[in-house]
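Below is one structure, written out as structure tokens; comments come after it.
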Amino acid sequence: MTSTVAPSALVETLRQRRQRLAQRIDFPVVLWSGQPVSRNFPALTYPFRASSHFLYFAGISLPNAAIRLDGGRLTLFLDEASPSAALWHGPTPSREDLAATLGADAAYPLAELPRFASGVATLAVQDAATAAEQLPIRGIIQPAQDKALALAVIALRLEQDAAAIADIRTAATVSVQAHRAGMAATGTATTEAQVRAAMEQVILSHNLTCAYNSIVTVHGEVLHNEQYHHPLQRGDLLLADVGAEAPTGWASDITRTWPVSGQFSPTQRAVYDVVLAAHDACIAKAAPEVEYRDIHLLACEVLAMGLVDLGILQGDPVGLVERDAHALFFPHGVGHLLGLDVHDMEDLGDMAGYAPGRQRSDRFGLGYLRLDRPLQAGMVVTIEPGFYQVPGILQDPDRRDRYRDCVNWDRLEDFGDVRGIRIEDDVLVTATGAEVLTADLPTLASEIEAIVQSEC
Ligand code: GLY
Ligand code: MN
Ligand code: MN
């Protein structure tokens with residue numbers, strides 16, 4: 001079947017992605033979208049979202065579909081919806097209509113796939129049922145080709161094209177509104193859940209989804225806290241890490257931390273400004289060719305310097321970072337790739353995040369660094385330094401012993417109302433530097449206080 005519709009922007013974007021893949025590999029590929037995962041019985045499923053690799057080349061989140069890419073040609077494999085599906089779910093576009101929408105050169109029922117998929121390269125999907133189907137359909141597995149495919153797709157997806165950047169901007173714009181709504185709702189909210197609801201309401205009302213499970217917590221020291229039951233106390237800091245996903249799948253990822261009362265305490269403000277100094281220094285350094293690892297280490301040094309000034313750490317900041325003492329309070333990496341996945345392409349382990357030949361360090365201060373590549377124009381990354389008082393780290397006898405000369409533990413007690421602070425923005429690397437895609441959301445403490453107070 002040949003597409004008869006006039007080429008749309010989507011068709012042209014997808015065609016260019018296929019062509020760029022064809023310039024990198026000379027063997028056929030099949031990518032599966034995956035299938036809905038049942039929650040408790042077959043008809044009750046979790047919301048479906050196609051595999052990101054499929055979505056990159058197919059543009060539409062079609063369940064139970066596969067695409068074959070070969071020399072720039074796209075073949076779609078998809079079954080027509082059954083009549084009973086229409087009863088429950090409404091009319092569904094025909095296979096032919098969908099093929100036209102994504103500019104497919106041909107389209108077949110799924111039963112035809114084995115005929116076209118023997119020995120092809122692929123990338124594994126996350127849902128177990130589809131992963132199990134891939135193996136018998138491919139028959140022969142080509143590990144070297146699978147790896148070459150992964151490297152080719154990584155090369156493409158590291159450099160976001162214009163359509164992707166436009167969609168990340170859409171997601172970022174809505175996320176900024178969600179954060180403003182969360183800040184404004186805090187004055188009258190009594191629980192984390194109410195602030196979360198105010199934030200996700202903005203995302204849902206734009207008919208978008210969340211790119212990941214929201215973190216809205218007064219216990220920011222739990223890095224990915226997904227509990228929302230705590231009451232809000234006036235002396236608390238509220239950490240909100242909430243990001244929308246565009247209808248096409250592109251993600252955003254924003255964190256802000258604000259005082260429930262509308263005013264930071266002096267200790268909260270002092271540490272906030274240290275984290276903000278690290279955030280600003282990292283963004284100022286972001287540019288093509290700059291090693292992301294060096295941006296991470298810059299965050300560590302600025303944090304260490306600020307914590308020395310506050311009397312929490314003691315010693316020379318550079319020496320403290322060499323000993324990983326900063327990681328007592330900043331145990332994660334300064335950010336990650338952002339794209340169709342919030343941690344983009346992490347389904348491939350560290351293949352995307354780490355340049356060929358590089359491996360994760362087992363150092364306390366580097367082990368959670370998710371990205372170790374030189375930045376390049378078109379890359380979108382997050383910058384998200386933080387400060388946390390994690391009991392499991394700070395009360396660990398071995399660490400207390402190893403770092404007993406680095407920390408003024410008595411002074412640290414003065415900062416008991418600072419459990420967790422993170423400031424996170426999404427940054428597009430440009431030809432000459434970087435653009436903060438989430439810059440419409442203030443980071444200055446005084447501006448954040450003003451938004452929180454606007455509804456108090
Ligand atoms: N929202 C998850 C993260 O920032 O890594
Ligand atoms: Mn992030
Ligand atoms: Mn985040």
Side-chain angles (χ1 to χ4, degrees), residues 49 52 158 160 168 171-180 182-183 192 195-196 199-200 202-203 208-217 219-228 237-246 249-258 275-276 278-279 282-283 286 292-293 295-296 299 327 330-350 352-354 360 366-373 375 379-388 390 420-429 434 436-439 441 443 448:
R49 202 282 197 171
S52 293
L158 279 177
Q160 307 293 357
I168 294 173
T173 299
V174 174
S175 300
V176 167
Q177 290 179 33
H179 277 258
R180 285 183 181 275
M183 291 177 197
E192 297 160 332
V195 179
R196 175 195 180 198
M199 300 182 79
E200 294 192 2
V202 173
I203 294 172
L208 305 190
T209 56
C210 293
Y212 52 91
N213 294 340
S214 298
I215 299 160
V216 183
T217 182
H219 284 283
E221 76 278 13
V222 180
L223 301 182
H224 282 177
N225 200 336
E226 292 180 11
Q227 297 184 340
Y228 313 101
L237 287 177
L238 185 69
L239 184 156
D241 184 343
V242 175
E245 177 176 301
W250 263 267
S252 59
D253 185 8
I254 304 182
T255 308
R256 289 293 184 271
T257 308
W258 60 84
V275 177
L276 184 58
H279 164 277
C282 290
I283 288 175
Y292 191 79
R293 188 178 193 273
I295 292 181
H296 172 75
F330 175 46
H332 62 76
V334 78
H336 48 83
L337 293 166
L338 181 72
L340 276 169
D341 308 315
V342 64
H343 290 182
D344 208 28
M345 298 182 274
E346 233 176 68
D347 61 307
L348 299 172
D350 279 342
Y354 276 62
R360 281 222 193 197
L366 287 172
Y368 286 115
L369 185 58
R370 297 174 189 276
L371 177 57
D372 184 5
R373 284 182 176 272
L375 296 180
M379 229 180 221
V380 180
V381 299
T382 68
I383 295 291
E384 50 180 303
F387 171 94
Y388 314 89
V390 183
I421 293 175
R422 178 160 67 251
I423 307 171
E424 176 174 27
D425 278 304
D426 302 343
V427 176
L428 167 67
V429 183
V436 181
L437 300 176
T438 44
L441 188 63
T443 51
I448 286 184

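Read the numbers this way: they start at 1 and go in the same order the structure lists the ligands and their atoms. Source: prediction; values computed, not measured.
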Answer yes when [X] and [Y] have at least one side-chain N-carboxylate O distance shorter than 4.0 Å, and no when they do not.
X      : Y      : value
Arg196 : Glu200 : yes
Glu245 : Arg49  : yes
Arg256 : Asp425 : yes

**Asked** Any luck finding a side-chain donor-acceptor pair between Arg360 and Tyr368 under 3.5 Å?
**Response**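 Checked: Arg360/Tyr368 side chains show no N/O donor-acceptor pair below 3.5 Å.
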**Prompt:** Can you tell me if Asp341 and Ser52 form a side-chain donor-acceptor pair at under 3.5 Å?
**Reply:**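 Judged by distance alone, the side chains do pair up.
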Considering only heavy atoms of [X], which atoms of ligand 1 have at least one such atom less than 4.0 Å away?
X      : result
His343 : 2 (C), 3 (C), 5 (O)
Asp241 : 1 (N), 2 (C), 3 (C), 4 (O)
Tyr212 : 1 (N)
His336 : 3 (C), 4 (O), 5 (O)
Glu424 : 4 (O)

**Prompt:** Looking at CG of Asp253 and CG of Leu437, how far apart are the two atoms once the value is rounded to the nearest 0.5 Å?
**Reply:**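 Output value for this atom pair is 12.0 Å.
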**Request:** May I ask you to list the protein N, O or S atoms found at less than 2.8 Å from the Mn ion (ligand 3)?
**Result:**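 Near the Mn ion (ligand 3), the protein supplies Asp241 OD1, Asp241 OD2, Asp253 OD1, Glu424 OE1.
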**Beyond-backbone contact of Glu424 with Ile254, side-chain heavy atoms, under 4.5 angstrom** =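 The answer is no, as the side chains (C-beta and beyond) never meet within the 4.5 Å cut-off.
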**Item:** Under 2.8 Å: N/O/S of His336 next to the Mn ion (ligand 2)
**Value:**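 A backbone or side-chain N, O or S atom of His336 is under 2.8 Å from the Mn ion (ligand 2).
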**Prompt:** Hey, what's the ring geometry for His336 with His343, parallel, tilted or perpendicular (30° and 60° as the breaks)?
**Reply:**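 The rings of His336 and His343 sit tilted, inter-plane angle from 30° to 60°.
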**Request:** Among all protein heavy atoms, pick the one closest to atom 2 (C) of ligand 1 and tell me residue, atom and distance.
**Result:**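 Of the protein heavy atoms, His224 NE2, 3.6 Å lies nearest.
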**Prompt:** Tyr212 and His224: aromatic ring centres closer than 6.0 Å?
**Reply:**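 They do not qualify: ring centres at least 6.0 Å apart.
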**Message:** Can you list everything that forms a side-chain hydrogen bond (donor to acceptor under 3.5 Å, both in side chains) with Asp344? Sequence neighbours excluded, please.
**Reply:**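 For Asp344, the residues satisfying side-chain hydrogen bond (donor to acceptor under 3.5 Å, both in side chains) (neighbours in sequence not counted) are Arg157.
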**Request:** Can you figure out which of Asp253, Leu338, Val242 has its heavy atom closest to atom 3 (C) of ligand 1?
**Result:**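 Result: the heavy atom closest to atom 3 (C) of ligand 1 is in Asp253.
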